[in-house]
Q: 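First the structure, which I've put down as structure tokens, then a few questions once you've had a look.
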Amino acid sequence: MKKSANNSSSSIRIGRVGIAELTALITIYCSTDVFLSYPSRVAVEGATAAWMIPLFAGVISFAVFLLLYLAMRKTPTQNLMELVTNSLSPVIGIPVAIAFSIFFFLQTAIVMREFTETVVTTVLPRTPSEIVAASFLIVVVYYAYKGLEGLTRVAVLIAYILGVGFVVLLVLPLTWFHLPYLMPLAGRGWSVTLVHSFLNTSAFANVLMLAILYPAVRNQQHFVRIGLMSIFFTALTMSAVLFVVLGVFTDAVSGQVSFPLYQLARLIYVGRFVQRLESVFVFLWTAGAVLKMGFGLWLSGYLYASAFRMPVYRPIIFPMALLLYIFVFLPQNIMTIEAIESRIIEPFGWIVELLTPLLLVIVSVFINRLRGANQQAQS
Amino acid sequence: MNAVAFLLEFLVAIGVLLYALNFIRWLWSAKHILSTVGASVLTLLTSVLSITYLVSKLFF
């Protein structure tokens, strides 16, 4: 009989989650970037072929996920940090968990600042940023406090609404769509597109998250399905948004617009009564954003608590939330945030999200096998 | 408005830090030594940064 996730070496109880719930949560976490500057950044990198970048990046991420799964499937009760701690040493396991915690914490702070600035510049120009961030933070803390099960249940409820909303937002502006804007097909050349696809795997945190949440999956036989579906839906959402944005604005203009999806929603005009649907956009945007930030804070708190062998993670959510509020306002302005995104997170994020977990798991499994072979030889 | 916002942020920070200190006390009494270290580091970082943030907001 399989050992319960709650009885594994980390004694923190996080519960068990189903396939649809976890897929929805991870997909929302990763694809919410399309509401922000992600489409404009990728449009600059890939020009008319930018819509292909998420698809290629998704294929690369799925290949890494498969390798990770093949290595981890023999130890279904251990997540990435537990595997590293038990196979290698706590001296490696603890810093790795703290590093991942800091990574998700900083990512959440950046996303919160970006969403805050987006709200202030688009819909609430006279509201101070502190008030907007504090309003976000209240919901984010509540989500994080409710834990993984609460987050996944909300995610599966919101996923359908987000899905319908996305389709509406992408179909209605098609009256402005021009297919020739997507030519030449290869953009700045296939090699450039492939290089940026590789770097854009940073947008796919799916792999790292699944490696951390592996023991929490209720039916681990369907683990590959969660990976496949979450990566597929994330890539599809990003690609569809870029496809429509490029076809409506052209690649040159898309690179200049700060929040292309918001501008796309403003363009909608289907007769006198169906126009300017940005209010729908704001609803979807906020729902996805708070879920993303809530999961980021939860993940950061959980990783920190498990690094220090804490029996519970909930009490550290509050100090972390206060710290998050302070970190949100450390960068001077939105341009600094975008510079951090394009110069640090995007070019180097894949090292944390794909390379590090893959290397750690492979080395851990190799050492486990070596130990097993030695024990057999001795007996 | 600024004074009210500052006071509110100050009170929230004090409340959170007291909550964190209580958690550290509980971990210490339950002999979770590594956990106490982790919680203390986090609380210290939060205290220093929240005081710096509030002071910078007050004077700059």
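Keep in mind the model is a prediction, meaning the values are calculated, not measured. In what follows, every chain begins at residue 1, and chains take the letters A, B, ... in the order their sequences are listed.
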Q: Between CG of Leu27(B) and CZ of Arg309(A), what distance do you get to the nearest 0.5 Å?
A: 14.0 Å
Q: Hey, what do you get for CD1 (Ile326(A)) to CD (Glu9(B)), rounding to the nearest 0.5 Å?
A: 9.0 Å
Q: Counting heavy atoms not belonging to Phe10(B), are there more than 12 under 6.0 Å from its CZ?
A: no
Q: Looking only at heavy atoms, which two atoms of Tyr19(B) and Pro315(A) are closest? And how far apart?
A: CE2-O, 3.4 Å
Q: Phe23(B) versus Met310(A): any side-chain heavy-atom pair under 4.5 Å?
A: yes
Q: Looking at Thr46(B) and Leu322(A), what are the two nearest heavy atoms and their distance?
A: CG2-CD2, 3.6 Å
Q: Please look at Ala307(A) and chain B and tell me whether the side chain, the backbone, both or neither of the residue comes under 4.5 angstrom of a heavy atom of that chain.
A: backbone
Q: What are the two closest non-hydrogen atoms of Leu42(B) and Pro319(A), and how far apart are they?
A: CD2-CB, 4.1 Å
Q: Could you pull out the closest heavy-atom pair between Ser35(B) and Phe308(A), with the gap in Å?
A: OG-O, 3.0 Å
Q: In terms of heavy-atom proximity below 4.5 Å to chain B, should Ile98(A) be classed as side chain, backbone, both, or neither?
A: neither
Q: Does any heavy atom of chain A fall under 4.5 Å from the side chain of Leu49(B), the backbone, both, or neither of them?
A: both
Q: State, with a plain yes or no, whether a side-chain heavy atom of Tyr53(B) is found less than 4.5 Å away from one of Tyr325(A).
A: yes
Q: Please flag which part of Ile33(B) lies under 4.5 Å from any non-hydrogen atom of chain A: side chain, backbone, both or neither.
A: neither
Q: Non-hydrogen atoms of chain A under 4.5 Å away: do they reach the side chain of Thr43(B), the backbone, both or neither?
A: neither
Q: Please determine whether the number of non-hydrogen atoms from other residues, nucleotides or ligands lying under 6.0 Å from atom NZ of Lys57(B) exceeds 12.
A: yes
